[in-house]
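Encoded as structure tokens, the structure appears first; notes follow it.
To find a chain, count down the sequence lines: A is the first, B the second, and so on, and within it residues start at 1.
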Amino acid sequence: MNKIKINEDIDLRNTLFSGQAFRWYLKDDWYYGYINNSFIKIRIIDKHMEYESCMGKPCESEIIEYFNLKLTYKKIFSKIEDKYCLLAYKELNGLKILNQDPWECLISFIISAWSNVPKISKTINDLCVELGDKQVIGDEIGYTFPSPSIISTKNEKILRKFGLGYRSKYVLNTSRLLSENLNIIYELFEKTYDEALNVLLEFPGVGDKVANCVLIYSLKKHFAFPVDLWVDRILVQDYGIDKKMPLIKKRKWAQNYFGDHAGIIQHFLFHYKRKYNQ
DNA sequence: TATCCACCTGA
DNA sequence: CAGGTGGAT
């Protein structure tokens, strides 16, 4: 059994089921999912993460990167005085913001538009089962997330069968744009938040919310701040922001208020609101 | 620039 | 009605 020593607390349930990733599931005390598009099972026992993957992928360094284990949350929140942030941090200790694969993340959040977590997960899973490659760990079967060139060979009608609905043409056209050169999104790691945001907004089905999700959940832009329905409620109900304020203004207000790690704070507030508040 | 609404689908 | 976007006004 492979093991990684864990220094900070990790809460796998809150981390993997807080709406930032959609393909993890729990079975027999193990969490099954994908890191860099490779099937893996993990669990935490006595300050160690135990894992089993297929043929050495993902490797230890990829897992550490995926869970952002080098980032010290305590340090980030020690500079925060806001009471809601501190409450969410206290209640959700061990929640991590993941570094997912940007391509899968981009398509997943395009699919997430005006939907709900169970349906998003089902749709993505159907897509992978139909178009991805099979991977096996023990008795469990997994499927990789299909590449842009594979999705590009399909048409809107086929994608609708997977339950994508009107998002089908967004997924198809975004895939087509990236099928020639997927590097366009991996190059965003090197770009600033604003530059990367503007590149993402060019893709069909990607607005300010989806782009900011991709930036915070896969491209390590901690300043990114997705304003969805729940975060909007938080800003209006808890921070007294005018409900009528346009979405982008709300986002900028929050980034200014919360600072460099606004996106990380956002995820704590978001998950806390969903879990404990109405 | 700011508001309005169609767009798939399943609970 | 649900974790938006794009197009029109």
Side-chain angles (χ1 to χ4, degrees), chain A residues 13-24 88 92 95 97-98 100 104-130 151 154-178 197-218 224-239 241-254 262-278:
Chain A
R13 195 169 62 88
N14 276 336
T15 298
L16 300 174
F17 301 138
S18 56
Q20 55 178 324
F22 301 101
R23 291 224 282 155
W24 290 90
L92 299 173
L95 173 62
I97 280 65
L98 300 168
Q100 301 180 64
E104 175 171 342
C105 194
L106 174 63
I107 295 300
S108 297
F109 280 99
I110 289 175
I111 291 172
S112 78
W114 205 242
S115 187
N116 52 72
V117 175
K119 185 161 176 250
I120 298 163
S121 296
K122 186 188 181 305
T123 302
I124 296 172
N125 188 59
D126 289 353
L127 197 64
C128 295
V129 169
E130 293 297 327
I151 294 177
K154 308 300 164 192
N155 58 44
E156 206 181 314
K157 204 176 194 175
I158 295 173
L159 294 184
R160 277 176 188 264
K161 284 194 187 129
F162 305 143
L164 287 170
Y166 62 87
R167 307 162 194 87
S168 293
K169 61 174 179 291
Y170 300 150
V171 170
L172 192 57
N173 290 332
T174 293
S175 296
R176 283 176 178 159
L177 284 171
L178 285 168
L197 175 63
N198 286 325
V199 172
L200 289 171
L201 290 174
E202 295 295 316
F203 294 103
V206 179
D208 196 74
K209 189 268 177 184
V210 169
N212 275 278
C213 283
V214 176
L215 290 166
I216 183 64
Y217 299 129
S218 75
F225 195 94
V227 179
D228 63 9
L229 198 90
W230 290 92
V231 173
D232 191 283
R233 275 178 203 158
I234 291 166
L235 294 176
V236 172
Q237 291 174 6
D238 302 334
Y239 291 91
I241 298 302
D242 181 7
K243 191 198 277 277
K244 294 288 178 197
M245 187 189 281
L247 215 62
I248 293 180
K249 272 194 180 174
K250 282 177 179 153
R251 191 252 291 165
K252 288 182 175 169
W253 180 90
I264 290 175
I265 292 165
Q266 171 271 157
H267 193 69
F268 277 84
L269 291 174
F270 165 78
H271 191 49
Y272 181 81
K273 189 75 169 177
R274 294 211 64 183
K275 205 171 167 182
Y276 300 107
N277 246 322
Q278 50 271 42

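The nucleotide dC8(B) finds no pairing partner, because no Watson-Crick or G-U wobble arrangement with both distances shorter than 3.5 Å includes it.
Rounded to whole Å, the separation between the C1' atoms of dC5(B) and dC1(C) comes to 16 Å. The gap from the P atom of dC8(B) to that of dA8(C) amounts to 16 Å, rounded to the nearest Å.
To the nearest angstrom, C1' of dG3(C) lies 9 Å from CH2 of W230(A). To the nearest angstrom, P of dG6(C) lies 13 Å from CG of L247(A). Atoms CG (D126(A)) and P (dG10(B)) sit 10 Å apart, rounded to a whole Å. With rounding to whole Å, K273(A) atom NZ is found 14 Å from dG3(C) atom P. When rounded to the nearest whole Å, the span between CG of N116(A) and C1' of dG4(C) equals 14 Å. Regarding W114(A), its CH2 atom lies at a distance of 14 Å from the P atom of dC5(B), rounded to whole Å. The interatomic distance linking L106(A) (CG) with dT5(C) (P) rounds to 12 Å, in whole Å. Regarding F270(A), its CZ atom lies at a distance of 13 Å from the P atom of dA2(C), rounded to whole Å.
Comparing dT5(C), dA2(B), dG3(C) by their closest approach to the side chain of K249(A) singles out dA2(B). Nearest to the side chain of Y170(A), among dC8(B), dG3(C), dG6(C), sits dG6(C).
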Given ring-ring contact (aromatic ring centres under 6.0 Å, His included), test F22(A) with F109(A) step by step and report yes or no.
-> CA-CA 10 Å; F22(A) 301 101; F109(A) 280 99; 5.3 Å; yes
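OP1 or OP2 of dG4(C) has not a single side-chain nitrogen or oxygen of R167(A) nearer than 4.0 Å. A close approach under 4.0 Å does not occur between any side-chain nitrogen or oxygen of K169(A) and OP1 or OP2 of dT5(C).
S18(A) pairs in a side-chain hydrogen bond (donor to acceptor under 3.5 Å, both in side chains) with only one of the listed residues (H267(A), H271(A), R13(A)), which is H267(A).
The number of heavy-atom neighbours closer than 6.0 Å to NZ of K249(A), taken from other residues, nucleotides and ligands shown, is 12 or below.
In this structure, G19(A) reaches the bases: a heavy-atom distance under 4.0 Å links it to at least one base atom across the strands shown. Residue K244(A) is classed as a sugar-phosphate contact, given heavy-atom separations below 4.0 Å to backbone atoms only. Backbone-only contact: P204(A) has heavy atoms under 4.0 Å from sugar-phosphate atoms and none from a base. Using a 4.0 Å heavy-atom cutoff across all strands shown, V117(A) reaches at least one base atom of the nucleic acid.
In this structure, Y276(A) and Y272(A) have tilted ring planes: the angle between them lies in the 30° to 60° band.
Taking 4.0 Å as the cut-off between side-chain N and carboxylate O, K154(A) and E130(A) do not count as a salt-bridged pair.
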